[in-house]
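Chain naming here is simple, since letters A, B, ... match the order of the sequence lines and numbering starts at 1 in each.
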Protein chains: 2
Amino acid sequence: MLKLTKKADYGLMALKFLAEHPERSALSAKDVADAYGIPAQLLAKILQQLTRSGLLRSHAGMNGGYALAREARSISAYEVILSIDGPFFITSCTKGKTGCELTTNCTIKEPLARVNETIAGVLKSISIQDLAEHEQPAARERNARELVALTL
Amino acid sequence: MLKLTKKADYGLMALKFLAEHPERSALSAKDVADAYGIPAQLLAKILQQLTRSGLLRSHAGMNGGYALAREARSISAYEVILSIDGPFFITSCTKGKTGCELTTNCTIKEPLARVNETIAGVLKSISIQDLAEHEQPAARERNARELVALTL
DNA sequence: TGTAATTCCGACAGAAACGGTCGTATACTG
DNA sequence: CAGTATACGACCGTTTCTGTCGGAATTACA
Ligand code: SF4
Ligand code: SF4
């Protein structure tokens, strides 16, 4: 289903946590894992992946750990998900193995690709910074209609 | 990952197909399955589920089959996904089994819930009718920023 | 009445994805 | 050198997804 993996979830939490602690030059995977209840080794792998993707900067050895490679404002949730879960597609017609064989005669492929772009756009426009700030839940969803009208 | 299941995918295809053939009073599951390359028995179950949810009207026996219960314009992709894949949540913190135990000290739960609503809103504003019509892919995503600003 | 078409329903199995662990190697600090 | 930390890959148990099978109930029609 349309659900993000816990890995991505954990990744976002970690990023947010790092964004909230700029005073510390680096936080170890264990620090973050303990702050919430995340399995330490799993989080470690996630942070390593984020580092590979260039979202984090790592430093081994004592007092080592991870820090944001860029400012929180410029890191989008989309990038995080992309890094952890791989290419973002809501449909299965992404070529490669276990893809969909109906791509030739499928008629909803195109429209769904547009929906895909819309959702990707939403994710791209959410930064780690946004997660760190807490605003009031306002009236949302009421504007969804006009919102999609622009993109579809 | 943030991917819809093939079942939902098939369901949308079928709905669209039905919407495109209003002249026929009913189309059998096999008709639809053959039109594309969808496994017939699987599609049958999907259509049955959609019927149970009230999106389709079914008629057994010869010359039986399925037809839209409402007009295509008023059936949203969200309803289809909801019917087939169950409640829509991008996160795992949906209580119940295999849920997330970090809900107490999780700090991104709230923000993600808002993202969830935004995406749900997008889905809700897309109708079967929309899928059946093909418009030009226009500049989308450029408005994503302002779009989310409204909902976040 | 009987037969074919068709929906309906549950159970099941294979395959993939996910969540998590382990072991070990490497790098840095002091 | 010892201790702390990242880096990486292999592995495994569970869940979810996809698809199949077998059979029962409905309806049309000859
Ligand atoms: S091709 Fe059509 S059916 Fe296959 S995944 Fe893409 S959208 Fe779904
Ligand atoms: S509680 Fe926090 S961590 Fe657990 S699923 Fe919800 S958002 Fe993700």
Separation of dA16(C) P from Asp85(A) CG (nearest whole Å): 19 Å

Nearest-Å distance for atom pair CG/P, residues Asp9(B) and dC17(D): 14 Å

Cationic N near anionic O, under 4.0 Å, Arg70(B) to Glu79(B): yes

Side-chain (Asp130(B)) to main-chain (Ser127(B)) donor-acceptor, under 3.5 angstrom: yes

Touch class at under 4.0 angstrom, heavy-atom based, for Arg57(A) against every strand present: nothing

Stepwise side-chain hydrogen bond (donor to acceptor under 3.5 Å, both in side chains) check, Lys16(B) with Thr107(A): CA-CA 9 Å; Lys16(B) 182 199 172 214; Thr107(A) 57; 2.6 Å; yes

Sorted by number, the residues of residues 36-47 of chain B with heavy-atom contact under 4.0 Å to DNA chain D: Pro39(B), Gln41(B), Leu42(B), Lys45(B)

Qualifying ring pair (Phe, Tyr, Trp, His ring centres under 6.0 Å) pairs, either residue in residues 36-63 of chain B, two or more places apart: Phe17(B)-Tyr36(B)

Which residue lies more 5' along DNA chain D, comparing Arg52(A) with Met1(A) via nearest heavy atoms: Arg52(A)

Spacing of Lys7(A) atom NZ relative to dT21(C) atom C1', expressed in whole Å: 12 Å

Nearest atoms (heavy-atom pairs only) where Ala67(B) meets Ser25(B): CB-O, 3.3 Å

Among dT6(D), dT7(C), dG19(C), the one nearest Ser58(B) by side-chain distance: dT7(C)

Asp85(A) side-chain N/O to Leu82(A) backbone N/O, donor-acceptor pair under 3.5 Å: no

Separation of dG3(D) C1' from Lys30(A) NZ (nearest whole Å): 15 Å

Atom-pair distance (CG on Asp31(B); P on dA5(C)), nearest Å: 12 Å

Euclidean distance, Leu50(A) CG relative to Ile84(A) CD1, rounded to 0.5 Å: 4.5 Å

Every protein N/O lying under 3.5 Å from an N/O of nucleotides 26-30 of chain C:
from    : atom 1 : to       : atom 2 : distance (Å)
dC28(C) : O3'    : His59(A) : NE2    : 3.4
dT29(C) : OP1    : His59(A) : NE2    : 3.2

Rounded interatomic separation in angstrom, taking CD1 from Ile84(A) and C1' from dG19(C): 13 Å

OP1 or OP2 of dG19(C) under 4.0 Å from side-chain N/O of Tyr10(A): no

Any donor-acceptor pair under 3.5 Å from Arg57(B) side chain to Ala69(B) backbone: yes

Nearest non-hydrogen partners of Lys3(B) and Ser92(A), listed with the distance: CD-OG, 4.1 Å

Minimum-distance nucleotide (side-chain atoms of Lys6(B) versus dT7(C), dA7(D), dG19(D)): dG19(D)

Value in whole Å for how far the P atom of dT4(D) lies from OH of Tyr66(A): 17 Å

Per Thr5(A) side chain, nearest of listed nucleotides dC18(C), dC17(D), dA7(D): dC18(C)

Interatomic distance, Gln49(B) CD vs dC17(D) P [rounded to whole Å]: 14 Å

